[in-house]
Amino acid sequence: MDRARRQRVLALLPVCLALAFSLTAVGSSYWCEGTRRVAKPLCQDHPGVLHCIHYSSGSRDNGTQAVQYIWEMGDDKFTWRRFHLGLWQSCEESLGSAGEKCRSFQSIIPVEEQGVLWLCIGAEVLNILLTLTSAVLLGSRVSYHSSGFHWLKVDASVAILMVLAGLLAMVAHMMYTTVFQITVNIGPEDWKPQTWDYGWSFCLAWGSFALCMVASVTATSRYTAARLELAEQKSVRKGSQLSQHNFQEPKSSEGVWETEAAPSPAGCALVNISEHLPSDAEGKVSMC
């Protein structure tokens, strides 16, 4: 692989990584992770479950009224469940099984924030489409080896597309953060987390934004360098053409004065140029 082709492959690498990060982040449900405090179920309703409220039954007034004696007090009546959520759904662990319970994230957020969530999803999709288009353009640049103004247009297009993709990704991430924090504050009580933090999907999303900016700056640098190189080559070519034009041999004049030398004293010569002077002028000039 020659040096130029290796440079084109290296230019394609951050675009492909940004696309992979964006697709992984959008498709996963680990943008945020945390724990929720939920009340333990009764052991009678969930036999065989360890995290439940243990109680003993008794009777009062000759068995006419059943009484339950619960031994857990305060925080002992609650347990912690881990949860994670993304753009599409929120999942939390189940106490009675090893699986997870998932529900739509759109059903959790307040109604007035659902439009913001859809804008966030639309911005993420546009980010992926712009990054994919840039990857196709740079892939064609790697596959077909040629030079010229055509590839300058490709570099300029990639620079514009990638900076737009990065800006869309940044706006989408900020909108998602806003929606999530509002849901934490005023969301349903059966979902509110006790502790939470951003997950690895959120980190991948911001990593995609950073790679978009790197790819845009790299494409802009390539475009600027290529334009300067072409301008320099054009200037050198124009200068060489001017030099060749200035140093060409002068063409001989069609009309040459016919001279006729005549002897004269003191080493001078009389030259007859009467044919090229007016009729009333003398036709001999002394040349020493």
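Sequence positions, counted from 1, serve as the residue numbers for this chain.
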How close do [X] and [Y] get, counting heavy atoms only, and between which atoms?
X    : Y    : answer
T183 : I108 : CG2-CG2, 3.8 Å
Y176 : G86  : OH-O, 3.2 Å
A205 : H173 : O-CE1, 3.0 Å
A123 : M175 : CB-CE, 4.5 Å
A169 : N127 : CB-ND2, 3.7 Å
A11  : L138 : O-CD1, 3.7 Å

For H84 and E100, does a side-chain donor sit closer than 3.5 Å to a side-chain acceptor?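 A pair is found: one side chain offers a donor N or O, the other an acceptor, under 3.5 Å apart.
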
Any side-chain donor paired with an acceptor under 3.5 Å for W88 and S29?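 Note: W88 and S29 side chains miss the donor-acceptor criterion.
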
Heavy-atom check, side chain of [X] versus side chain of [Y], under 4.5 Å:
X    : Y    : answer
W191 : I109 : no
T133 : S157 : no
I186 : P110 : yes
L161 : L137 : yes
S28  : W200 : yes
M162 : T131 : yes
L117 : F105 : yes
L87  : C120 : yes

Can you measure from [atom1] ([X]) to [atom2] ([Y]) and round to the nearest 0.5 angstrom?
X    : Y    : atom1 : atom2 : answer
F83  : R36  : CZ    : CZ    : 8.0 Å
L23  : L204 : CG    : CG    : 11.0 Å
W118 : Q106 : CH2   : CD    : 5.0 Å
K153 : D155 : NZ    : CG    : 13.0 Å
L13  : T218 : CG    : OG1   : 10.5 Å
L130 : I160 : CG    : CD1   : 11.5 Å

Would you mind telling me which of I128, L132, V125, L211 makes a side chain to side chain contact (heavy atoms under 4.5 Å, CB included) with S22?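 With S22 as partner, side chain to side chain contact (heavy atoms under 4.5 Å, CB included) holds for just one option, I128.
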
Hydrophobic cluster membership, with links at side-chain heavy-atom distances under 4.5 Å among I/L/V/M/F/W/Y: are [X] and [Y] in one?
X    : Y    : value
F21  : M213 : no
L17  : V163 : no
V116 : F202 : yes
V171 : L167 : yes
L12  : V217 : no

Assess whether side-chain contact (heavy atoms from CB on, under 4.5 Å) is satisfied between L85 and Y30, documenting all intermediate values. CA-CA 5 Å; L85 75 157; Y30 285 87; over 6 Å; no

Residue list, salt bridge (charged side-chain N to carboxylate O under 4.0 Å, His left out) with R82, at least two apart or on another chain: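 R82 satisfies salt bridge (charged side-chain N to carboxylate O under 4.0 Å, His left out) with no residue once adjacent residues are dropped.
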
Tell me if the centroids of the rings in Y198 and W31 come within less than 6.0 Å of each other.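 Between Y198 and W31, the centre distance exceeds or equals 6.0 Å.
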
Does the gap between the ring centers of W196 and F180 come in under 6.0 Å?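 Close enough - the centres of the two rings lie under 6.0 Å apart.
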
Test your reading of the model: is there a side-chain donor-acceptor pair from S216 to the backbone of A159, 3.5 Å cut-off?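 Confirmed, S216 side chain pairs with A159 backbone.
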
K192 (side chain) donor-acceptor with N185 (main chain) under 3.5 angstrom: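 Here the side-chain-to-backbone pair exists.
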
So which pairs with a foot in residues 104-128 pass salt bridge (charged side-chain N to carboxylate O under 4.0 Å, His left out), sequence neighbours left out?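 Of all non-adjacent pairs touching residues 104-128, none passes salt bridge (charged side-chain N to carboxylate O under 4.0 Å, His left out).
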
